[in-house]
Amino acid sequence: MPHVLTAAELPVPELFHRAEIWRKRLTEQPMPPLQPKAALVALLFYEPSTRTRAAFEQAAVLLGYHPLVLTAEASSVAKGESLQDTVRTLNAQGIRAIVLRHPQAGAPWQAAQVSEAPILNAGDGAHEHPTQALLDLYTLWLHYGKPDPTARWLSGRKIAIVGDIRHSRVARSNLILMAQAGAEVWLCAPPTLQPDAPLPHAHHTHDADEALRDADVVMALRLQTERMQQGLLPNLDAYRRDYQIHAERLRLAKPDCVVMHPGPIQRGVEISDEVADSPRSLILTQVRNGVYARVAVLEWAMEAPKTPSAG
Ligand code: NCD
């Protein structure tokens, strides 16, 4: 059963191939009318989401499934049902896949223990967000002209991820895929928003100038205030001054540097309006590619059983 739990197990070249087919299908040719299947794909969202949820919902529809969106407030979770019992319930109703977003790290693994249908991790706490990493990597792969995805095609590239690294599942999953593709990844955060222990294959710094100097890619992250203990970020003005990605600071990066952000963006906090809306910003391209990447992942996961190829 190909669950999609961690970025480390994604068969990246195969998923890029599928995403390309969908990108072309959706942008170059009109979609043929679908013969909807009776089956459902559940989107079990215990945390808010716009992009991820909308992309998975589209992915389900594009593959002919009905998306069933269940949020914590509107389901039996609000009545105290455990995650595993909710998963068993959905399985018993014949649901074909479960896309899960959960505030607790490791929740998708718990779900996978009891699920007969593939579990797709759509973000678990501050732990992982594999499909975000896939769409970010896919966005860079398209930007750099589709190099051989089985090679270390990001080798020689410096990528700076700046912001609330401590609470960022996006940073953790991206680090896995970017390092696999050969990039030099810098993680930059204020001292209170660094991870407890250094993450493997990354350079860590508190100094945004050091992270940005000669960077090819700069990714800004949202401050995850919903996950922060009191006092971790005492001063927002100091954060803006020291870490905001704005035009002046970006002069340190390579002249052809691109800027990314997983969204939702907080304009004027981690990124300036000017940079977010500039031609070097890939933010909306990431959103668009999120649909192709999610449909690729869902399609792959539902074509079980399959052995993941080396990614
Ligand atoms: C991210 C998430 O939820 O982890 N957003 C997303 O999926 N597009 C990042 C965030 O919430 O800041």
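Indexing begins at 1, ligand by ligand and atom by atom, following the structure's order.
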### Message
Test: ring-ring contact (aromatic ring centres under 6.0 Å, His included). Region: residues 154-189. Which pairs qualify, not counting sequence neighbours?
### Response
W186-H203
### Message
With a 6.0 Å cut-off on the ring centroids, do H17 and W22 count as close?
### Response
no
### Query
Under a 4.0 Å heavy-atom cut-off, which residues neighbour ligand 1?
R51, T52, R101, H129, Q132, R169, V170, R222, Q224, P262, G263, P264
### Query
Taking the six-membered ring of Y292 as reference, does the NZ or CZ atom of R18 fall below 6.0 Å from its centre and within a 45° cone about the axis?
no
### Summary
Those residues at least two apart in sequence (or on a different chain) that pass side chain to side chain donor-acceptor pair (under 3.5 Å) with R251 are E248
### Summary
Those residues at least two apart in sequence (or on a different chain) that pass side chain to side chain donor-acceptor pair (under 3.5 Å) with R101 are T52, H129
#### Entry: Salt-bridge present (D273, R267; N to O < 4.0 Å)
yes
